[in-house]
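A note on names: the letters A, B, ... follow the listed sequences, proteins ahead of strands, and every chain is numbered from 1.
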Protein chains: 2
Amino acid sequence: MDIKQLNTDTEIKQRVFFALSDPGRYKIISMLYHVGHEMGCNELNQHVEIDKSTMSYHLRTLREIGITNTRTQGRQKYVSLNKEKIETLLPGLLKLL
Amino acid sequence: MDIKQLNTDTEIKQRVFFALSDPGRYKIISMLYHVGHEMGCNELNQHVEIDKSTMSYHLRTLREIGITNTRTQGRQKYVSLNKEKIETLLPGLLKLL
DNA sequence: TTTATAGTTTTATGATTATCAAACAATACT
DNA sequence: AGTATTGTTTGATAATCATAAAACTATAAA
């Protein structure tokens, strides 16, 4: 653990809680957790019914918090949950969703 | 568990996460949890440095979500955490704070 | 090369939020 | 009665947020 943390653990925790406070983001996170593997944004869109630009907006938020990973293949982007990070920061949280 | 829930568990969870997403509220909740007993608003104010009206505003939010209890004695108000409710809804969450 | 698909960014908009000063209500103290 | 204390409410303000349409980028397919 780094001593000099510009973002303290508490601040990151608060951002994770923020991520989970919105219905759309909650569904995204919950979905990614329960399916257990990465999903294409489009595939996600079919399960979480929100406009694609809103989806993109939320996915950026999650990416910036650092709780998702994104992989690009062709013109598809696959999103997955950074379970390790979440589990390290807030052990047991994911299974509560 | 009641079948007819105007506020689903998921909605309430999201509100709890919302409560924890603000630095002031996070401190209030964390403080109440760690001291383990009720605190006067004034006493809380000494530990969580925010304006008294802002404090009152946040405490109302927590009360409305239903995760705090308030007891009035004379001109003092004592706030405590509704641990049971939180623990039932999100077991293990509090110890992550 | 044209067209379709996947996703992002921009822009605009309305809603929600956090903050604090000021006024207020209620109780306790002198 | 007057004053101090404890906390709430109101009102104003600035900031952040969620949403969606439209324009855009990049890749794949025809």
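The salt bridge (charged side-chain N to carboxylate O under 4.0 Å, His left out) analysis of residues 18-34 of chain A, with sequence neighbours excluded, yields no pairs. Applying the side chain to side chain donor-acceptor pair (under 3.5 Å) test to every pair with at least one member in residues 86-97 of chain A, sequence neighbours left out, gives no pairs at all. For the salt bridge (charged side-chain N to carboxylate O under 4.0 Å, His left out) condition, the pairs that include at least one residue of residues 64-74 of chain B, sequence neighbours left out, are B/Glu38-B/Arg71, B/Arg60-B/Glu64.
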Got a list of side-chain donor-acceptor pairs under 3.5 Å for residues 79-86 of chain B, not counting sequence neighbours?
from, atom 1, to, atom 2, distance (Å)
B/Asn82, OD1, B/Lys85, N, 3.2
B/Asn82, ND2, B/Gly66, O, 3.4

Can you give the donor-acceptor pairs under 3.5 Å from side chains of residues 50-57 of chain A to other protein atoms, not counting sequence neighbours?
from, atom 1, to, atom 2, distance (Å)
A/Asp51, OD1, A/Ser53, N, 2.9
A/Asp51, OD1, A/Ser53, OG, 2.8

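Taking A/His34 as the reference, A/Ser30 meet the side-chain hydrogen bond (donor to acceptor under 3.5 Å, both in side chains) condition, with sequence neighbours excluded. Under the side chain to side chain contact (heavy atoms under 4.5 Å, CB included) criterion, B/Lys13 pairs with A/Tyr26, B/Phe17, B/Leu89, B/Leu90, not counting sequence neighbours. When the salt bridge (charged side-chain N to carboxylate O under 4.0 Å, His left out) test is applied to B/Arg75, no partner is found at least two apart in sequence or on another chain.
B/Tyr78 has its OH atom 10 Å from the C1' atom of D/dT6, to the nearest Å.
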Between protein and nucleic acid, restricted to nucleotides 15-21 of chain D and to nitrogen or oxygen atoms under 3.5 Å apart, what atom pairs and distances do you find?
from, atom 1, to, atom 2, distance (Å)
D/dA18, OP1, A/Arg25, NH1, 3.0
D/dA18, OP1, A/Arg25, NH2, 2.9
D/dA18, OP2, A/Arg25, NH1, 3.1
D/dA18, OP2, A/Tyr57, OH, 3.0
D/dT19, OP2, A/His58, NE2, 2.9
D/dA20, N7, A/Ser53, OG, 3.1
D/dA21, N6, A/Ser53, OG, 3.4

Can you pull every protein N or O that's under 3.5 Å from an N or O on nucleotides 24-30 of chain D?
from, atom 1, to, atom 2, distance (Å)
D/dT27, O2, A/Arg75, NH1, 3.4

Measure all distances between protein nitrogen or oxygen atoms and nitrogen or oxygen atoms of nucleotides 11-13 of chain D, and list the pairs falling under 3.5 Å.
none

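Atom CD of A/Glu49 is surrounded by 12 or fewer heavy atoms from other residues, nucleotides or ligands within 6.0 Å.
Neither A/Tyr78 nor A/Val48 shares a network with the other; the hydrophobic side chains, linked directly or stepwise wherever heavy atoms of I, L, V, M, F, W or Y lie under 4.5 Å apart, form separate groups for each. Side-chain heavy atoms closer than 4.5 Å link hydrophobic residues (I, L, V, M, F, W, Y) into clusters, and following such links, even through other members, never connects B/Leu62 to A/Phe18.
Residues B/Leu20 and A/Leu20 fail the side-chain proximity criterion, which asks for heavy atoms closer than 4.5 Å.
A 4.0 Å heavy-atom criterion places the boundary nucleotides of DNA chain C facing chain B at C/dT17 to C/dA28, written 5' to 3'.
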